[in-house]
Amino acid sequence: MKIFNSYTGKKEDFIPLDPNHIKIYACGPTVYNYAHIGNARMAVVFDTLVRVLRHTYPKVTYVSNITDIDDKIIDAAKELDVPIEHITQKYTDIYNKDMLKLLVKSPDIQPKATEYIPEMIELIEDLISKDHAYEKDGHVLFHVPSYENYGKLSKRNRDEQIAGSRVEIAPFKRDPADFVLWKPSSDAQPGWNSPWGFGRPGWHTECSAMSEKTLGLPFDIHGGGRDLTFPHHENEIAQSCCSSANINDPKSYVNYWMHNGFVTVHGEKMSKSLGNISLVKDLTKDNHGEVIRLSLLSSHYRQALDWNNNVVHQAKKLLDKLYKILADIEDIQASKINDSSLEFISPLLDDLNTPGLLANLNKMIKDFRSISDEGLPEFKSKILLATNLMGICQENYLDWFSHNDKNIDTHIVAKLISERLDAKKEKDFEKADNIRQKLVDMGVEIKDTESGTDWSLKS
């Protein structure tokens with residue numbers, strides 16, 4: 001298996017730290033609002049990666065956190081005049097339910113930041129004792145010049161680091177690039193007692209503490225959206241390498257870094273000002289979760305994905321075709337997975353190349369009618385393996401078609417298509433046209449090809 005390592009900027013062979021136990025951490029959402037399609041892309045991408053790894057290795061532990069302490073959460077709770085826990089629990093539940101609709105399996109561990117405050121305080125104390133952090137006016141800051149490898153992940157020079165920092169240049173900072181590990185809280189804000197007074201952790205502190213506590217160091221893969229490369233993941237590396245890991249070896253924290261690309265909407269960046277933020281709860285009202293999932297996997301995870309109606313339409317068409325084929329071969333016993341099946345899904349082992357696997361599936365669909373009866377067991381083995389790893393076609397085909405509010409019996413459709421072909425052979429074009437119209441009235445579109453007649457449900 002090959003993975004593009006964001007830290008080195010190269011595609012590399014994936015060599016596990018322990019082939020008997022793969023460990024992955026991916027940064028989850030900050031829970032103060034509904035999950036959007038960008039949140040969903042990260043969850044779907046790393047769920048697919050975990051599926052592939054679990055097919056290859058005997059044990060995989062997947063950790064993806066919930067950030068439930070953040071200034072945005074505090075602001076949302078203040079605006080609604082409710083306890084912060086009301087906001088975080090509500091949107092954590094909504095996020096998990098939304099991801100379940102997209103067939104994202106729950107992480108093995110889903111740590112919440114507020115559950116790991118003692119570990120964060122311990123981490124900060126260790127950094128202070130090693131002169132990598134300092135306290136000033138109730139704030140504790142990491143001193144960036146103390147870590148010479150800072151900027152290696154994001155490939156940013158010093159000026160870019162300062163410009164890209166999310167923390168304002170405050171008078172208590174020794175260096176403009178220094179970032180907050182701990183900050184004071186007012187009586188009206190959530191906080192915890194610490195050696196530096198009543199306060200709360202900085203955003204970056206949590207994942208260093210939680211990943212070490214849940215997985216131990218080092219672990220195999222750390223992932224998240226590309227927007228987290230700087231400053232969040234850059235700061236994580238600095239914190240962990242200057243504390244529990246080896247300051248001179250970034251791999252002593254994490255072996256491989258993976259980042260998925262941004263999601264745009266009709267060519268524009270998602271933003272509140274443009275009013276184009278696509279929420280999962282809205283998208284799944286009009287589309288089955290598998291359609292949304294496949295849409296998110298239609299582009300390579302490292303590339304930007306433009307969210308538009310055509311992407312969704314194409315995903316729906318492909319799923320209809322796959323479900324139809326599965327219905328046609330329902331009674332066929334799939335053969336055992338063999339070298340041919342593994343070759344078929346090999347794009348997934350090449351840096352999770354989902355478009356490559358979709359190309360293989362589309363070719364399979366095209367060749368379906370020319371497959372001999374003897375070849376159908378292996379054909380079914382390939383399609384089941386591919387769809388299971390992609391997390392699609394997980395329903396019974398009758399249930400799938402029933403989502404369109406049409407009682408489609410695939411056997412009747414197949415019978416009518418066969419009768420229409422016979423009518424055309426006999427040059428009874430009136431009968432053939434009548435059968436086509438009957439199919440249209442049922443909500444079925446047909447398309448004649450060189451290899452036969454394909455059909456799909458009308459969108």
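Values below: all heavy atoms of this structure, side chains included; hydrogens, waters and symmetry mates excluded.
Side chains of Thr214 and Tyr25: no donor on one and acceptor on the other come within 3.5 Å. The closest side-chain donor-acceptor pair between Thr229 and Ser154, if any, does not fall under 3.5 angstrom. When only modelled atom types and interatomic distance are considered, Gln437 and Asp433 share no side-chain donor-acceptor pair under 3.5 Å. The closest side-chain donor-acceptor pair between Asp68 and Thr114 falls under 3.5 angstrom. Side-chain contact check for Tyr301 and Asp351: at least one donor-acceptor pair (N or O, by modelled atom type) lies under 3.5 Å. A donor-acceptor pair shorter than 3.5 Å cannot be found between the side chains of Ser6 and Arg302. No hydrogens or angles considered: a donor-acceptor pair under 3.5 Å links the side chains of Trp400 and Asp320. A donor and an acceptor atom, one from each side chain of Ser341 and Asn338, are located under 3.5 Å apart. Remark: the Asn308 side chain and the Asp306 side chain contain an N/O donor-acceptor pair separated by less than 3.5 Å. Gln314 and Ser298 share no donor-acceptor pair across their side chains, judged by distance under 3.5 Å alone. Judged purely by distance below 3.5 Å, without hydrogens or angles, the side chains of Glu206 and Thr67 pair a donor atom with an acceptor atom.
Between the side chain of Thr61 and the main chain of Lys23, no donor-acceptor pair closer than 3.5 Å is present. At least one donor-acceptor pair under 3.5 Å links the side chain of Tyr256 to the backbone N or O of Ile15. A donor-acceptor pair is defined here as one N or O able to donate and one able to accept, closer than 3.5 Å; no such pair exists between the side chain of Arg51 and the backbone of Met390. Put simply, the side chain of Asp126 never gets that close to the backbone of Glu122: no donor and acceptor are under 3.5 Å apart.
Under the salt bridge (charged side-chain N to carboxylate O under 4.0 Å, His left out) criterion, Lys424 pairs with Asp448, sequence neighbours left out.
Here the shortest heavy-atom pairing between Cys27 and His222 reads SG-CE1, 3.6 Å. Contact between Leu294 and Leu319 at its shortest, heavy atoms only, is CD2-CG, 3.7 Å.
Salt bridge present: Arg54 and Asp108 bring a charged side-chain N and a carboxylate O closer than 4.0 Å.
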